[in-house]
Amino acid sequence: MKIKELISKEKIENRVRELAEVIAEDFKGTDPLFISVLNGGFMFTTDLLKNIPYPIQVEFIKASSYLNNTYSSGNVDLTETSFEVKDRDIIIIEDILDTGRTLNKIKGYLKEKGAKNIYSVVLLDKPARRVEEFKPDYVGFEIDDHFVAGYGIDYKQKGRNLPFIGIIE
Ligand code: XMP
Ligand code: MG
């Protein structure tokens, strides 16, 4: 697997800290529930939430949408969750917003379960690949249509451990 650096470890760290500061301020005193989307969102989630300076609740949901390694199947599978979302303000934490299917599916699922307001923070946004309209509330970096890995994101199940984000060559 060959991977060429696109966003450095330092750039990610700085941007994640900035996002956390803005989100912490915006949701101060509102007791938000953060929902991290696994697997890709795990590293972003820990770094983001370590920079929120007051206690919050975080829960996890697992979404899978990929077939043939790189092409979206169009179907998104979600694991059933048991945590309570009724009347809560929710912030979904996601690694990449691509076609928009995953976040729309999660949003619909949470709405059905009675969530009050649903916001989202995505580390990467690839607007060129959007199939379904979706407007994230917070974006780390907008990127062109590259297939990327690192910082939680995999290529054929590998590379999630890398501290930077790179393009698969
Ligand atoms: P959708 O298309 O539902 O996709 O917005 C969101 C999910 O697709 C995965 N994804 C990628 N995974 N490299 C990856 O390893 C990529 O470049 C890429 N683009 C999208 C990702 O899991 C994301 O949550
Ligand atoms: Mg993801």
Side-chain angles (χ1 to χ4, degrees), residues 1-9 11-13 15-16 19-20 23 32-51 58-81 83 85 90-113 115 118-169:
M1 161 176 177
K2 274 194 107 181
I3 178 161
K4 183 174 154 239
E5 184 172 289
L6 177 68
I7 309 172
S8 70
K9 177 175 180 277
K11 269 201 181 144
I12 296 171
E13 280 170 2
R15 186 68 187 125
V16 171
L19 285 172
I23 291 171
L33 166 60
F34 287 83
I35 299 183
S36 170
V37 184
L38 298 176
N39 294 337
F42 84 95
M43 206 175 273
F44 179 37
T45 299
T46 56
D47 287 347
L48 184 79
L49 297 185
K50 276 191 284 186
N51 285 291
V58 59
E59 300 290 351
F60 301 87
I61 190 167
K62 191 167 162 113
S64 356
S65 63
Y66 269 67
L67 264 193
N68 307 328
N69 304 314
T70 46
Y71 295 102
S72 175
S73 65
N75 296 313
V76 181
D77 289 328
L78 297 183
T79 50
E80 193 56 39
T81 57
F83 52 84
V85 300
I90 303 219
I91 305 162
I92 304 168
I93 308 175
E94 168 72 311
D95 55 354
I96 309 184
L97 170 57
D98 191 43
T99 63
R101 290 180 180 123
T102 304
L103 277 169
N104 272 323
K105 175 96 181 212
I106 294 172
K107 208 171 164 177
Y109 173 79
L110 296 172
K111 248 191 208 156
E112 218 165 84
K113 287 187 166 262
I118 304 168
Y119 306 91
S120 58
V121 53
V122 301
L123 182 65
L124 304 177
D125 184 8
K126 286 200 239 178
R129 291 212 0 121
R130 206 77 88 246
V131 172
E132 296 182 5
E133 192 179 325
F134 191 91
K135 283 284 310 152
D137 297 280
Y138 306 91
V139 174
F141 304 93
E142 209 175 276
I143 62 168
D144 293 334
D145 183 13
H146 302 297
F147 200 76
V148 296
Y151 197 71
I153 304 161
D154 73 304
Y155 177 63
K156 298 187 183 176
Q157 305 311 322
K158 291 204 180 118
R160 294 191 198 276
N161 59 303
L162 301 172
F164 60 90
I165 290 167
I167 299 174
I168 306 299
E169 298 189 307

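We count ligands from 1, going down the list as the structure has it; atoms in each ligand are counted the same way.
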Under 3.5 Å: N/O of Gly100 near N/O of ligand 1: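 There is such a contact, yes.
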Between Ile153 and ligand 1, is there a nitrogen or oxygen pair with a distance under 3.5 Å? no
Contacting atoms of ligand 1, where contact means under 4.0 angstrom from a heavy atom of Lys126: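 Those qualifying, in numeric order: 16 (C), 17 (O), 18 (C), 19 (N).
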The atom name of the N, O or S atom in Glu94 nearest to the Mg ion (ligand 2) is OE1
Closest to the Mg ion (ligand 2), among the N/O/S atoms of Asp95, is atom OD1
Would you check if the side chain of Lys126 reaches a backbone N or O of His146 as a donor-acceptor pair within less than 3.5 Å?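 Yes; judged by distance alone, with no hydrogens or angles, the pair exists.
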Pick one of side chain, backbone, both or neither for how His146 approaches ligand 1, counting any non-hydrogen atom pair under 4.0 Å. backbone
Is the shortest distance from a heavy atom of Tyr155 to ligand 1 less than 4.0 Å? no
For Arg129, is the nearest heavy atom under 4.0 Å from an atom of ligand 1?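 Checking ligand 1 against Arg129, which is what was asked, there is no heavy-atom contact under 4.0 Å.
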SB check Asp125 Arg130 (cutoff 4.0 Å): yes
Closer than 4.0 angstrom, basic N to acidic O: yes or no for Lys113 and Glu80? yes
Quick check: do Leu6 and Phe141 have side-chain heavy atoms less than 4.5 Å from each other?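 Of all side-chain heavy-atom pairs linking Phe141 with Leu6, none is under 4.5 Å.
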Are Ile153 and Leu124 close enough that some pair of their side-chain heavy atoms sits under 4.5 Å apart?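 In short, these two side chains touch, coming nearer than 4.5 Å.
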Rounded to the nearest 0.5 Å, what separates atom NZ in Lys9 from atom OH in Tyr151?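 One finds 10.0 Å between NZ of Lys9 and OH of Tyr151.
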Nearest 0.5 Å, please: how far is CD1 in Ile143 from CG in Leu97? 10.5 Å
Of the listed options (Ile96, Thr99, Asp95, Asp154), which comes nearest to atom 2 (O) of ligand 1 when hydrogens are ignored and any heavy atom counts? Thr99
